[in-house]
A.B. asks: 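Submitted below is the structure of interest, expressed as structure tokens.
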Amino acid sequence: MRLTRYFLPTLKETPAEAQIVSHRYMLRAGMVRQASAGIYSWLPLGYRVLKKIEQIVREEQDRAGAVEMLMPTIQSADLWRVSGRYDDYGKEMLRIRDRHGRDMLYGPTNEELITEIFRSSVRSYRDLPKNLYHIQWKFRDEVRPRFGIMRGREFYMKDAYSFTLDYPSAVHAYNQMFVSYLRTFARMGLQAIPMQAETGPIGGDLSHEFIILAETGESAVYCHKDMLAFDIFTEDVDYDSDLQPIVDHWTGLYAAADEKHDPEACPVPPGDLVEARGIEVGHIFYFGAKYSEPMGAVATGPDGKEVPVEMGSYGIGVSRLVGAIIEASHDADGIIWPESVAPFRVGLINLRASDAACVSVCDGLYGQLAAAGVECLYDDSEDSAGAKFARMDLIGLPWQIVVGPRGVKAGTVELKNRKTGAREELTPESALARLSA
Ligand code: 5CA
């Protein structure tokens with residue numbers, strides 16, 4: 001993509017309303033623009049990152065055996081009356097009345113709707129287990145939307161719902177999501193710590209939040225210090241095998257989110273307890289028959305008896321992850337994207353857009369990178385060298401290729417690694433070979 005054709009409205013000044021670094025950099029890097037409180041437009045650069053994260057989430061859900069579908073954002077209030085949550089959800093739910101006077105709502109989550117779909121189609125244990133998910137916008141009328149997309153009112157979530165016949169298979173479905181979450185966050189370069197959690201309006205009695213430690217995190221969290229030294233989880237897993245040993249390993253040491261932490265009952269000696277702040281990027285729940293019972297979602301078991309199905313739900317904050325990754329990976333100059341979610345892999349800077357030799361080298365590299373399938377943002381603008389360097393550092397692409405008149409004369413370009421800052425002079429061909437590898 002040529003910068004002169006792109007839309008990258010970067011800001012020089014730090015917007016006054018942004019209190020945390022991810023919000024500041026997302027605004028400055030032209031990734032999002034606030035439409036109204038807690039509601040954002042995703043500008044091209046931010047949208048590319050959102051899509052990359054979404055794709056990793058999708059691949060790992062699919063790998064774990066979940067099946068993708070899409071439910072609407074607007075739901076009928078009727079189903080929520082049956083589950084009892086139409087009243088329970090309170091002011092966080094955005095309620096809408098259609099032209100016929102029917103009560104509708106903008107979905108804050110989808111337990112009711114998926115249970116309704118399930119109950120009308122599945123009758124027998126032979127159709128179980130199932131795990132259905134979608135990646136869809138949600139709306140929660142948060143009292144205090146803040147920190148940009150981190151706590152939005154409209155936000156993008158992956159939510160999966162498992163249906164099983166009995167408790168052991170429900171635990172297996174829970175474990176599948178637990179393990180897939182470890183892999184999902186690891187692929188984004190994040191160390192996510194599973195912590196015991198309260199279930200709030202979703203309900204149930206088994207629940208873990210996946211937390212990224214960050215000073216700016218909204219949640220106070222507590223964990224055994226040895227958890228911080230766990231290697232991030234990248235193993236290839238057979239999701240049909242017994243996953244309990246992996247889950248036991250990750251839940252063997254104490255880790256709890258604020259509402260679940262009881263200082264009196266905490267088993268960790270004070271010297272070993274880390275008190276920190278964290279960002280909740282995922283939350284998984286097992287809630288048995290909480291929805292299937294009142295909504296009549298039943299299946300017949302091998303013994304011919306009808307029972308309400310066992311359910312769990314599993315959320316990932318896809319849009320929140322964009323901010324969480326920035327909180328975990330940045331420096332004073334800007335964002336440092338992990339390769340897996342970077343909006344482009346390479347930023348190609350032409351230091352002298354008016355110089356025919358520089359243009360020729362850049363155009364050549366740009367064409368060859370495209371041919372090799374390497375995503376490249378090509379700064380072909382007339383801006384000053386300083387402005388170009390600052391912008392490229394701010395938007396945080398993993399690699400920069402800098403092409404200037406002096407190097408071009410000597411037959412070289414400069415390759416810079418955004419994360420380490422390491423720079424190397426090499427021929428355009430070698431730079432290309434390195435990035436295409
Ligand atoms: N139905 C369940 C699981 S699918 C559910 O809704 N869980 S949740 O309430 O915990 O939300 C799932 C994830 O969405 C959270 O872990 C968080 O990462 C993200 N999330 C929740 N509220 C917001 C918000 N206001 N802004 C951005 N992300 C949010």
Side-chain angles (χ1 to χ4, degrees), residues 20 22-23 26 32 34 37-40 42 50 53-54 57 61 66 68-69 71 73 75 80 83 85 88-89 91-94 106-115 131-163 173-174 177-178 180-181 184-185 188 190 192-204 206-212 214 217-219 221 257 259-260 278-287 290-291 311-325 327:
I20 62 172
S22 57
H23 190 195
M26 286 183 76
V32 289
Q34 182 173 306
I39 304 180
Y40 287 83
W42 289 79
L50 188 69
I53 293 173
E54 173 183 353
V57 170
Q61 289 291 292
E68 187 170 13
M69 59 182 294
M71 289 177 270
T73 53
Q75 304 178 26
W80 289 71
S83 73
R85 284 207 295 182
D88 290 356
Y89 231 96
K91 288 193 164 169
E92 262 192 27
M93 181 184 276
L94 181 65
Y106 194 124
T109 174
N110 283 64
E111 280 79 4
E112 284 78 358
L113 193 51
I114 193 75
T115 307
N131 185 331
L132 299 171
Y133 77 97
H134 75 161
I135 305 175
Q136 176 63 292
W137 293 95
K138 305 289 186 296
F139 195 95
R140 294 182 186 170
D141 204 350
E142 302 275 353
V143 197
R144 280 222 294 160
R146 59 185 184 147
F147 301 158
I149 48 79
M150 204 76 102
R151 179 163 296 278
R153 293 200 296 164
E154 188 181 54
F155 60 97
Y156 204 37
M157 192 209 282
K158 183 286 297 182
D159 38 329
Y161 302 88
S162 67
F163 299 89
Y174 186 90
M177 288 293 106
F178 188 106
S180 89
Y181 277 31
T184 303
F185 300 126
M188 299 169 194
L190 294 172
I193 304 178
M195 303 205 175
Q196 301 166 37
E198 280 296 346
T199 55
I202 308 292
L206 172 62
S207 178
H208 286 92
E209 284 178 3
F210 287 75
I211 300 279
I212 308 299
E218 282 193 293
S219 327
V221 294
E259 319 83 59
K260 255 305 199 225
I279 303 166
E280 179 201 321
V281 287
H283 198 163
I284 60 178
F285 304 81
Y286 160 73
F287 43 71
K290 174 173 168 164
Y291 300 90
M311 289 178 62
S313 73
Y314 314 92
I316 290 184
V318 176
S319 49
R320 176 177 288 182
L321 272 165
V322 180
I325 293 169
E327 291 293 329

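When a residue number appears, it is its place in the shown sequence, counting from 1. For ligands, and for the atoms within them, numbers begin at 1 and follow the listed sequence. All heavy atoms count here, side chains included; hydrogens, waters and symmetry mates do not.
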A.B. asks: Identify, with sequence neighbours excluded, every residue that meets ring-ring contact (aromatic ring centres under 6.0 Å, His included) alongside Tyr286.
C.D. replies: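 Scan of Tyr286 (ring-ring contact (aromatic ring centres under 6.0 Å, His included), adjacent residues dropped) gives Tyr167.
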A.B. asks: Name the residue from Tyr181, Tyr174, Tyr314 that meets the side-chain hydrogen bond (donor to acceptor under 3.5 Å, both in side chains) definition with His208.
C.D. replies: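 Checked Tyr181, Tyr174, Tyr314 against His208; only one passes side-chain hydrogen bond (donor to acceptor under 3.5 Å, both in side chains): Tyr174.
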A.B. asks: I would like to know whether Arg85 and Glu111 meet salt bridge (charged side-chain N to carboxylate O under 4.0 Å, His left out); could you show each step before the answer?
C.D. replies: CA-CA 10 Å; Arg85 284 207 295 182; Glu111 280 79 4; 2.9 Å; yes
A.B. asks: Does a side-chain heavy-atom distance below 4.5 Å link Ile114 with Asp159?
C.D. replies: no
A.B. asks: Would you list the atom pairs, donor with acceptor, under 3.5 Å between side chains in residues 194-204 and any protein atom, with sequence neighbours excluded?
C.D. replies:
{"unit_1": "Thr199", "atom_1": "OG1", "unit_2": "Gly204", "atom_2": "O", "d": "3.2"}

A.B. asks: Could you pull out every protein residue that has a heavy atom closer than 4.0 Å to ligand 1, ordered by chain and then number?
C.D. replies: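 Lining ligand 1: Thr109, Glu111, Arg140, Glu142, Ile149, Met150, Arg151, Gly152, Phe155, Met157, Asp159, Ile202, Glu280, Val281, Gly282, His283, Phe285, Ser313, Tyr314, Gly315, Gly317, Arg320.
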A.B. asks: Of all residues at least two apart in sequence or in a different chain, which pass the ring-ring contact (aromatic ring centres under 6.0 Å, His included) check with Phe147?
C.D. replies: none
